[in-house]
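Input: a single structure, listed below in structure tokens.
Keep in mind that this is a model prediction, so the values were computed, not measured.
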Amino acid sequence: MQDEYRTVARPGVHETEINRSRFLCALAPAATEREAQDFIAAVRKEHADATHNCFAYVIGADASTQKAGDDGEPGGTAGLPMLQMLLRRDMRYVVAVVTRYYGGVKLGAGGLIRAYGGAVGEALDSVGTITRRRFRLATVAVDHQRAGKVQNDLRATGREVRDVRYGEEVTIEIGLPDADVPAFRAWLADATAGTARCELGGEAYGDA
């Protein structure tokens, strides 16, 4: 797994005008290829009267799924530069659709490449991006008497508390970088006089 990746902070749209053609770049996070395709379909429906609705998406922290489409623009002048811009910015789990309303002036192949790639770059700057970092999931089991202090200390030190469950013991699920595991175990033993247990689970990504 990648240690970290970047994605868009939220869905958003950014518009730019080049030689009287309007370019609207819609961006959204997409956890799966299906989500990306559904977003593309929704934008195409909203802008059914547009000259072109070109797309690109990257799914997977390792960019394992990449697709792009020109929607009638000359081959390689729209979807590919959009995809290249996403990859250049290290974007993952993201979909971009650039809607073009033709303004009567032809841009030529070079102009189209710059326009479509640039529209995505400007939209990323406008909408904003976030970094998500790989975490090891860990479950801490602690007695009720110490649970409140442990939770407060975890949050005070910036640990991501993902879930808390109350039973015979209190179980607290957290995320922490692999490199922090030994130090965390030592801290937990010290904080709970050795009474708490820490079990490591799988991996996930969280906001850095």
In plain terms, say whether D125 and R89 are close enough for a salt bridge, that is, a side-chain N and a carboxylate O under 4.0 Å apart. yes
Minimum heavy-atom distance between I172 and A147, given as atom pair plus value: CD1-O, 4.4 Å
Under a single-linkage rule joining Ile, Leu, Val, Met, Phe, Trp and Tyr whose side-chain heavy atoms are separated by less than 4.5 Å, which residues share a cluster with Y102? none
Side chain to side chain donor-acceptor pair (under 3.5 Å) involving Y93 - partner list, sequence neighbours excluded: none
Side-chain touch V58/M91, heavy atoms, less than 4.5 angstrom: no
Looking at D71, is its backbone amide N or carbonyl O close enough to the side chain of H52 to form a donor-acceptor pair, meaning the two atoms are under 3.5 Å apart? yes
Interatomic distance, CZ@R44 vs CD1@I40, rounded to 0.5 Å, equals 6.5 Å
Taking all heavy atoms of I18 and all of F23, pick out the closest pair and write down the distance. CB-CE1, 4.0 Å
Any donor-acceptor pair under 3.5 Å linking the side chain of N53 with the backbone of H47? yes
Nearest heavy-atom neighbours spanning Y5 and A61: CD2-CB, 3.8 Å
Would you find a donor on one side and an acceptor on the other, under 3.5 Å apart, between the side chain of T139 and the backbone of E173? no
Mind running side chain to side chain donor-acceptor pair (under 3.5 Å) on T129 and R6 for me, showing each step along the way? CA-CA 7 Å; T129 63; R6 294 170 71 196; 3.0 Å; yes
Do F55 and L83 belong to the same hydrophobic cluster, where Ile, Leu, Val, Met, Phe, Trp and Tyr are linked whenever their side-chain heavy atoms lie under 4.5 Å apart, directly or via other members? no
Main chain of E73, side chain of D70: is a donor-acceptor contact present, judged purely on distance under 3.5 Å? no
Please confirm whether the backbone N or O of E122 pairs with a side-chain atom of S126, one donor and one acceptor, at under 3.5 Å? no
Using a 6.0 Å cut-off, check whether atom CD of Q66 has over 12 heavy atoms from anything other than its own residue. yes
Interatomic distance, CD@E169 vs NE2@H144, rounded to 0.5 Å, equals 8.0 Å
Under a 4.5 Å cut-off applied to non-hydrogen side-chain atoms, are Y116 and M85 in contact? no
Show me the donor-acceptor pairs, under 3.5 Å and distance only, between side chains in residues 174-188 and residues at least two apart or in other chains.
unit_1	atom_1	unit_2	atom_2	d
D178	OD1	R136	NE	3.0
D180	OD2	R159	NH1	3.3
R185	NH1	C198	O	3.1

Among all residues two or more places apart in sequence or in another chain, which pass the side chain to side chain donor-acceptor pair (under 3.5 Å) test with E35? none
Tell me, which pairs form a ring-ring contact (aromatic ring centres under 6.0 Å, His included) where one or both residues lie in residues 61-92, sequence neighbours left out? none
Minimal non-hydrogen separation, V170 against V164, with atom names: CG1-CG1, 3.8 Å
I need the minimum non-hydrogen distance between I113 and G76, along with the two atoms involved. CG1-O, 4.0 Å
Answer yes or no: is there a side-chain heavy-atom contact under 4.5 Å between Y57 and T65? yes
Sorted by chain and residue number, the side chain to side chain donor-acceptor pair (under 3.5 Å) partners of R88 (sequence neighbours excluded) come out as none
If you compare all heavy atoms of V8 against all heavy atoms of P29, which two are closest, and at what distance to 0.1 Å? CG2-N, 3.4 Å
Step through the shown structure and confirm whether more than 12 heavy atoms of other residues, nucleotides or ligands are within 6.0 Å of CZ on R146. yes
So do the side chains of T7 and R92 get within less than 4.5 Å of each other, counting heavy atoms only? no
Is the shortest heavy-atom distance from the side chain of L137 to the side chain of F135 under 4.5 Å? no
